[in-house]
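The structure under discussion appears below in the form of structure tokens.
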Amino acid sequence: MSVEIERVFRQESGRAVASLVRTFGDIDLAEEAVQEAFVIALQRWPTTGLPPSPAGWIITTAKNRAVDRLRRERSRNDRQQQAVAMLERDDVPDGGPVTDDRLRLVFTCCHPALAPEAQVALTLRLVAGLQTTEIARAFLVPEATMAQRLVRAKKKIKAANIPYRVPSDAELPDRLRPVLSVVYLIFNEGYVATAGDDLVRADVCAEAIRLARLLASLMPDEPEVHGLLALLLLVEARRPARVSAGGSLVRLPDQDRSRWSRPLIDEGQAIVRACLRRDQPGPFQIQAAISAVHADATTAAETAWDQILALYDQLLRFVPSPVVQLNRAVAVAEVSGAAEALAIVDGIDADAYHLLHATRADLLARLGRSAEADAAYERALALTTNSAEQRLLGERRAALSA
């Protein structure tokens with residue numbers, strides 16, 4: 001039962017928090033009430049079983065806990081008093097023309113009054129239900145640093161009275177970049193779960209795609225919105241082939257491409273072609289184009305690595321990050337050889353990133369430097385918390401001696 005409750009938390013905590021923020025206008029109150037509701041669920045559900053609608057049960061219980069807390073307080077601000085009254089009348093306004101609570105919460109967290117890194121981190125926490133450890137890993141920073149950012153961001157929202165709504169058309173462009181970034185990171189957490197036995201959390205991937213579709217309908221003239229949607233669809237298309245029957249990660253070159261989802265590929269590639277016709281390139285459109293090139297190859301050997309390398313060169317001008325540098329190095333290895341790629345990898349400053357060491361190990365193995373490759377695999381394993389990734393790295397490390 002605890003596994004089932006954890007699954008419900010992963011899938012529904014973001015929705016529950018968003019619903020309570022709409023009702024009460026207080027992020028801390030919403031988070032704490034939802035956490036209390038799940039504590040009650042842990043106590044009751046093993047005896048009573050899962051309710052017919054676990055999400056509805058959590059939201060209702062959390063709202064009741066929040067109302068109880070507000071009633072116990074001796075002093076309440078006017079907004080909280082109004083929230084209690086509205087809840088009791090059961091006619092809470094929907095907060096604007098867009099009725100999706102989580103999308104409104106995304107825009108609240110991505111208000112320009114907050115620092116960019118805080119915008120993304122807070123949305124991952126509240127909307128995707130990620131833990132502080134998981135968010136810290138996504139940002140490659142210590143957990144304590146991330147915890148401080150989250151606390152400061154919530155205080156800023158409360159102090160500045162930042163509204164809980166989707167901004168007007170005139171405000172949307174200034175809010176777009178962090179919103180797209182956070183939807184992308186939500187998808188990444190689902191596609192490669194930070195920790196646990198499962199590599200993929202399909203529900204998180206589905207939520208990110210749902211939000212991307214909502215954004216595309218909200219901002220049909222923004223090329224980067226469509227670029228993000230195309231990217232998520234093309235990457236999601238490969239998901240059925242990413243995990244072996246034994247639960248290990250299957251690398252892209254080794255995947256059975258007949259298991260890729262053709263409808264998702266066709267939809268994603270159609271969006272990429274439409275973006276190319278606009279001729280307004282941006283980082284998500286370029287990444288989508290890279291995924292489209294991969295999808296064009298019926299076998300790994302047919303991959304047009306020269307096109308992919310050219311696209312990474314373009315992407316690097318938009319996003320000169322260690323992750324992009326590392327992905328470009330993988331393309332360099334295919335075009336110019338492992339030695340040239342290794343020189344690039346050795347110059348990337350991301351020692352806490354497990355994929356850097358995994359990539360370095362693979363390049364060293366290809367160059368016949370087995371002892372150094374073994375040490376690199378050991379470092380990658382020490383930094384990896386997902387069981388499926390650990391199995392793959394262990395298998396590749398064992399293959400060195402074979």
Side-chain angles (χ1 to χ4, degrees), residues 117 120 134-142 181 184-185 187-194 199 227-228 231-232 234-235 238 242 249-255 282-294 300 303-367 369 372-386 388-390 392-393 396-397:
E117 66 274 10
V120 176
E134 298 169 329
I135 303 169
R137 178 177 179 267
F139 279 83
L140 305 179
V141 300
S181 295
Y184 178 60
L185 286 174
F187 181 86
N188 277 353
E189 174 58 31
Y191 203 66
V192 184
T194 301
L199 175 70
L228 172 65
L231 173 62
L232 301 193
L234 289 165
V235 175
R238 303 198 297 260
R242 288 190 72 236
L249 169 67
V250 180
R251 299 188 312 152
L252 180 60
D254 303 324
Q255 290 176 10
F284 286 114
Q285 295 173 76
I286 296 170
Q287 290 177 79
I290 291 170
S291 289
V293 174
H294 280 297
T303 304
W305 283 106
D306 54 341
Q307 293 182 33
I308 290 175
L309 179 56
L311 287 166
Y312 272 121
D313 287 338
Q314 188 178 7
L315 180 61
L316 202 58
R317 292 194 287 272
F318 282 96
V319 188
S321 71
V323 173
V324 175
Q325 292 171 6
L326 182 63
N327 288 329
R328 179 183 176 275
V330 173
V332 168
E334 299 299 328
V335 174
S336 304
E340 186 171 331
L342 181 61
I344 296 171
V345 171
D346 284 342
I348 297 174
D349 183 16
D351 186 65
Y353 188 38
H354 71 287
L355 290 181
L356 181 141
H357 299 282
T359 303
R360 187 170 182 274
D362 180 66
L363 295 172
L364 288 165
R366 290 166 65 173
L367 293 170
R369 295 160 60 176
E372 294 171 85
D374 183 80
Y377 276 126
E378 182 178 7
R379 176 66 175 151
L381 280 163
L383 294 169
T384 306
T385 54
N386 182 277
E389 286 190 297
Q390 288 172 342
L392 174 65
L393 291 173
R396 295 189 65 78
R397 186 184 186 188

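Atom set for the values below is all heavy atoms of this structure, side chains included, hydrogens, waters and symmetry mates excluded. Starting from 1, each residue takes its place in the sequence as its number.
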| Are side-chain heavy atoms of Leu342 and Leu364 found at a separation under 4.5 Å? | yes
Could you check whether any side-chain heavy atom of Leu228 comes within less than 4.5 Å of a side-chain heavy atom of Phe187, counting everything from C-beta outward? no
Shortest non-hydrogen contact between [X] and [Y], atoms and distance:
X      : Y      : value
Ala376 : Arg360 : CB-NH1, 4.2 Å
Ala300 : Trp305 : O-NE1, 4.4 Å
Val120 : Ser181 : CG2-CB, 4.1 Å
Pro322 : Asp349 : CG-O, 4.0 Å
Leu393 : Ala358 : CD2-CB, 3.7 Å
Arg251 : Asp362 : NH1-OD1, 3.9 Å

For the atom pair [atom1] ([X]) and [atom2] ([Y]), what is the distance rounded to the nearest 0.5 Å?
X      : Y      : atom1 : atom2 : value
Leu392 : Tyr377 : CG    : OH    : 7.5 Å
Leu309 : Ile290 : CG    : CD1   : 9.5 Å
Leu326 : Tyr353 : CG    : OH    : 6.5 Å
Leu355 : Leu383 : CG    : CG    : 10.0 Å
Arg369 : Asp374 : CZ    : CG    : 14.0 Å
Phe318 : Gln287 : CZ    : CD    : 11.0 Å

Under 3.5 Å, is there a donor-acceptor pair between the side chain of [X] and the main chain of [Y]?
X      : Y      : answer
Gln255 : Val250 : yes
Ser291 : Ala288 : no
His354 : Leu381 : no
Glu389 : Leu249 : no

Original post:
Are any of the side-chain nitrogens in Asp313 or Arg317 under 4.0 Å away from the carboxylate oxygens of its partner?
Top reply: no
Legend entry - Salt-bridge contact Glu340-Arg328 (side-chain N to carboxylate O under 4.0 Å): no
Practice problem: Give the C-alpha distance, both sets of side-chain angles, the deciding distance and a yes or no for side chain to side chain contact (heavy atoms under 4.5 Å, CB included) between Glu334 and Thr303. | Solution: CA-CA 10 Å; Glu334 299 299 328; Thr303 304; over 6 Å; no
Check whether NZ of the Lys or CZ of the Arg Arg238 lies under 6.0 Å from the centre of the six-membered ring of Tyr191 and within 45 degrees of that ring's axis.
no
